[in-house]
Structure formats: C-alpha cells, structure tokens
Amino acid sequence: MRSTKLVLLALVLCLALSSPALAKVHITFWHAMGAELGEAVDYLTQKFNEEQDEIFVESIYQGRYSDLNTKLVASFSAGTSPTIAQVYENWTDAYYRYGVIVPLEDYMDLTEEEYNDYIEVFRHMNTWDGKLYTIPFNKSNWVMYYNKELIPEPPKTLDEFFQIAKEVSEKTGGETRGFGIRPTLELFHAFLWLNGGDFFDEDLNVTFDGPEGKLALQQMIAMLEDGSALQIDGYEDGAFGDRMIAMYIGSSAGITYAENSVGGKFEFSTTPLPAGVRPGAPFMGTNIAMFASASEEERQAAAKFVKWLTNTENTVYFAIKTGYLPVTYSGLDHPEYVAWLEANPHKAAIANREAFEFGYWQPKIAAWEECRGIIYEMVTKVFLGEDIDLALAEGRMLVEEAIQEMLSERF
C-alpha cells in the first residue's frame, strides 16, 4: 500500500514538473488602467498568454497613477518590484537616476524598421542616454473640441480663435461663451507654447516667466474679462454638453466624456490646437518601464511581451477600445484604424498626422512633479487676482529651488 502511494506521488510530481504552466517564465505588469481601460489590458494580457507557452504575464491593477507610483517606490526598498509597469516620463527620470530601471531597447531586438515605426515624438519622450529606456503605451494628445452648430469652421490660428470666441459670446448674448477655461498647468502650457515659450530651456533654466509666459496668462485673463470665455469649476466636457461653452481644449482620451455629455444634443468635432507664432500639439500619457530587479530570463520575457503589446495589431486594438493613440506609424495607417476614424469623423483630429510633426511634452525630469504643483498654484493665483509679474517671479523662484535640489542630490 505504501509503495503504491509513493509511486502515485512520484507520478504526480513528474507530471507537475513537466507541466507547461510551471515551465513558463512568470512576469508581473503593474498598471493603473481601471474599468474599460483595465478590461482592454486584461484582454491583451490573456491573449498573449494563450498565444504562446513560454511566458505567463500577470497584469495587476494598482489603483490610480499616484497609487502606482507610491507602490513602485516602496517596492524598490522592499525588494518586491514588478517586472514591468506603466510610468510617466518624470518617474522614469527619477528611476533612471537611482538605477532601478534598465533600457527596454536592449532586450527587444528591434530592427531599424521596428524602431522607426514608433512615432518620433514618442521616441523622444522615452529616450535617455540615446536609448529607449521605456516604450510608449497609452498616449494621448490635446485637441480643440468645438460645437459645429455654432462654429462651422474651427479656428486655424490664435487670432481666429480669439475672434470666434468673442463672436459666439456676442451672438448668443452670453448664454454660450466661446471658450471654457480652467486654470490648469496644461492650459497654461498650451498658450505658453503657442506663443513661442516653454517651461525650461535645454539647460533647465526657467523660461516660463518670460514675455511668452506673461502673454499666455494675459490672454486667458483677457478672455474672461471681455466675456468671450467662461471659467469652469468642474470638467469642461460637462459645460460643453450643457451648451455653456462652444470650445474647450482637452485630452483626446477624454472624448467619450464629451460624447456622453453632448448626448446627441448637437454635433461636435475636434481639431488641432490653433497655431500661434508656432503650431503645437501637446502629447501625454504613460510608457512601460522594466526594472533592474528582474532576472535576465524575466527581462527577455518582458521585452517579448512589450514588443508584442505594442505591435501594429495590438496598438490598434488598444487605441480603438480606449480612445488612446496607436504608438506606431503602422498603427496610425492601419486600415482598421483608418476605417474607425472615418466612421467617427469627430475623432479625426486625435490622429492628425501633421500634429505629430510639431508635438511637445511636459518636462521629463525627476523634479517635475514638484514643479508642476508650483506652476499650477501660480496659475491659480493669477486667476484669483494676483499680479501676473509677482506670480511669475514667485513661481520662478520656487521652481528654481526644486531644480537645484534635484541636481544636487546624489543618486
């Protein structure tokens, strides 16, 4: 009897050890994609796991982006880091400085064609030391939403934009204002960029307090004062759907909120931001990083997954399901994606090919989280009535302190 049990136990162990599931390399993917976005991530993860028998990917939702970053930072000292995770560029810079990530490009075996297929602006956003340390994943750009009943032809320039906003307000007797404004860092950046400025120069010297930054704030305040714009307390899409405003600038990833808010009450569409002294298309979103704690085997497996996740077929699937952009040129040109845009003409601006040629992004430095908080507070103070010159000077001083603190840290 005992020998029979031993034989059975040995047989079970042999079967277990020969099981493909146990032979697979197990990697973990931490992300912040909830609800329908999370469903798309889970679908793709499951699809990858079913298509091959060498790697098992476990996708784990970690809450909001702030929660994800907190958990990642804690994992470095606890020795519990995932294999890969969603990250913003400023997180990447901090992780890069601390040496806790490795360049994904080194493990992805990209051909020149595959490398160049990643959209150029996204490559810039993901490059450190001349390498793609991270790979673009869920990317969006900011576009102009407009009510087609009130604005048949959207503005192409800032001058046209200011004029149309004023005309709409006058034509409706102020019932619908031409533009909706929230005092956000992103909106300030848009006006700053279109006027020829930016937050820093290439050497991280503060430049947002220059003439371009002052003009950007003056333009927004002037629109409120002359009645061509309405200051919004909540999100702009709600006011847009209620016909309180005829235009607003928002993320392409938020187009479903505009659709739900409008609810068929009127026809609306999207268009690239109007050009000022230069055109501009702000791009945002996260990328995928791989952590140094992963074994060589796990790194190779994770790189295969990331390459598969961002291939043409899958980046198109993710874009259509979520509203984010394909991260490759082949994705933008894929017949399925082109047909989807043609069937949804109000979404066409989110994938405007010309916009990718003059895309810009927020600074990808470790201190950016602190800096953006300072700049947001600065903009808020101006909207509450503080003198623009005073607010800019104070903002500059505080941001310079944050930059100096970052540069003086020993990593």
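Residues: numbered from 1 along the sequence shown. As a basis for the values below, the full set of heavy atoms in this structure was taken, side chains included, without hydrogen atoms, waters or symmetry mates.
- A donor-acceptor contact under 3.5 angstrom links the side chains of Tyr96 and Asp129, judged on distance only.
- Evaluation of the ring pair (Phe, Tyr, Trp, His ring centres under 6.0 Å) rule for Phe199 yields His189, Trp368 as partners, not counting sequence neighbours.
- Counted within 6.0 Å of CD on Glu51, heavy atoms from surrounding residues, nucleotides or ligands total more than 12; the atom is thus considered enclosed.
- Within the 3.5 Å criterion, the main-chain N or O of Arg243 finds a donor-acceptor partner in the side chain of Thr176.
- Looking only at distances, no side-chain donor or acceptor of Asn344 sits under 3.5 Å from a matching main-chain atom of Lys347.
- Residues passing the salt bridge (Lys or Arg N to Asp or Glu O under 4.0 Å) test with Asp106 are Lys131, sequence neighbours excluded.
- For the pair Ser75 (side chain) and Leu72 (backbone), a donor-acceptor distance under 3.5 Å is present.
- Judged purely by atom type and a 3.5 angstrom limit, Ser261 uses its side chain to pair as donor or acceptor with the backbone of Asp237.
- In terms of modelled atom types and a separation under 3.5 Å, the side chain of Arg123 and the main chain of Leu132 share no donor-acceptor contact.
- Sparse packing is recorded around CD of Glu297, with 12 or fewer heavy atoms of other residues, nucleotides or ligands lying under 6.0 Å away.
- In this structure Arg299 satisfies the side chain to side chain contact (heavy atoms under 4.5 Å, CB included) test together with Val102, Tyr107, Met290, Ala292, Ala294, Glu296, sequence neighbours excluded.
- Scored by the ring pair (Phe, Tyr, Trp, His ring centres under 6.0 Å) test, Tyr88 finds Tyr65, Trp91 as partners (sequence neighbours excluded).
- In this structure, Lys307 does not pair ionically with Asp109, as no charged nitrogen and carboxylate oxygen lie closer than 4.0 Å.
- Lys364 is linked by a salt bridge (Lys or Arg N to Asp or Glu O under 4.0 Å) to nothing, counting only residues two or more places apart in sequence or in another chain.
- In this structure a side-chain-to-backbone donor-acceptor pair under 3.5 Å is present from Ser169 to Gly178.
- At least one side-chain heavy atom of Val206 sits under 4.5 Å from a side-chain heavy atom of Phe200.
- In the displayed structure, Glu336 atom CD is contacted under 6.0 Å by at most 12 heavy atoms of other residues, nucleotides or ligands.
- Residues Lys304 and Glu54 are paired through a salt bridge, judged by an N-O separation under 4.0 Å between the basic side chain and the carboxylate.
- Residues His31 and Asp42 are in side-chain contact: their nearest non-hydrogen atoms beyond the backbone lie under 4.5 Å apart.
- Side-chain contact, Tyr337 with Thr315: no donor N or O sits under 3.5 Å from an acceptor N or O.
- Here the side chain of Asn147 pairs no donor or acceptor atom with the backbone of Ala246 at under 3.5 angstrom.
- Partners of Lys71 by side chain to side chain contact (heavy atoms under 4.5 Å, CB included), not counting sequence neighbours, listed by chain and number: Trp30, Gln62.
- Glu357 pairs by the side chain to side chain contact (heavy atoms under 4.5 Å, CB included) definition with nothing, not counting sequence neighbours.
- Residues passing the salt bridge (Lys or Arg N to Asp or Glu O under 4.0 Å) test with Glu313 are Lys47, sequence neighbours excluded.
- Under the rule for a salt bridge (Lys or Arg N to Asp or Glu O under 4.0 Å), the partners of Asp209 that lie at least two apart in sequence or sit in another chain are Arg396.
- More than 12 heavy atoms of other residues, nucleotides or ligands lie within 6.0 Å of OH in Tyr329, so this atom counts as buried by the packing criterion.
- If you take NE2 on His124 and OG1 on Thr127, they are separated by 7.5 Å, rounding to the nearest 0.5 Å.
- Shown here are the side chain to side chain contact (heavy atoms under 4.5 Å, CB included) partners of Glu160, two or more places apart in sequence or in another chain: Pro155, Lys156, Thr157.
- Judged purely by atom type and a 3.5 angstrom limit, Asp117 has no side-chain atom pairing as donor or acceptor with the backbone of Glu113.
- Glu114 has its side chain out of reach of Met108: every pair of non-hydrogen atoms, C-beta onward, lies at least 4.5 Å apart.
- Atom CZ of Phe358 sits in a crowded spot, with more than 12 heavy atoms from other residues, nucleotides or ligands closer than 6.0 Å.
- One finds a salt bridge joining Lys139 and Glu89 here, because a Lys/Arg side-chain nitrogen approaches an Asp/Glu carboxylate oxygen to under 4.0 Å.
- For Tyr248, the ring pair (Phe, Tyr, Trp, His ring centres under 6.0 Å) criterion is met by Tyr145, Phe240, not counting sequence neighbours.
- Side chain of Asp226 to backbone of Ser228: a donor-acceptor contact under 3.5 angstrom is found.
- Counting heavy atoms of neighbouring residues, nucleotides and ligands inside a 6.0 Å radius, atom CD of Glu186 exceeds 12 of them.
- Under the 3.5 Å distance criterion, with hydrogens and angles disregarded, a donor-acceptor pair is assigned to the side chains of Asn69 and Tyr95.
- If you check the side chains of Gln52 and Trp308, you find no donor sitting under 3.5 Å from an acceptor.
- The number of heavy atoms from other shown groups lying within 6.0 Å of CZ (Arg64) does not exceed 12.
- Interatomic distance, CD of Gln219 versus CG of Leu158, reported as 6.0 Å (0.5 Å rounding).
- Side-chain contact of Asp201 with Thr207: a donor-acceptor pair under 3.5 Å is absent, judged by distance alone.
- Partners of His346 according to the ring pair (Phe, Tyr, Trp, His ring centres under 6.0 Å) rule, which considers only residues two or more places apart in sequence or in another chain, are Phe268.
- A donor-acceptor pair under 3.5 Å is formed between the side chain of Arg278 and the backbone N or O of Trp193.
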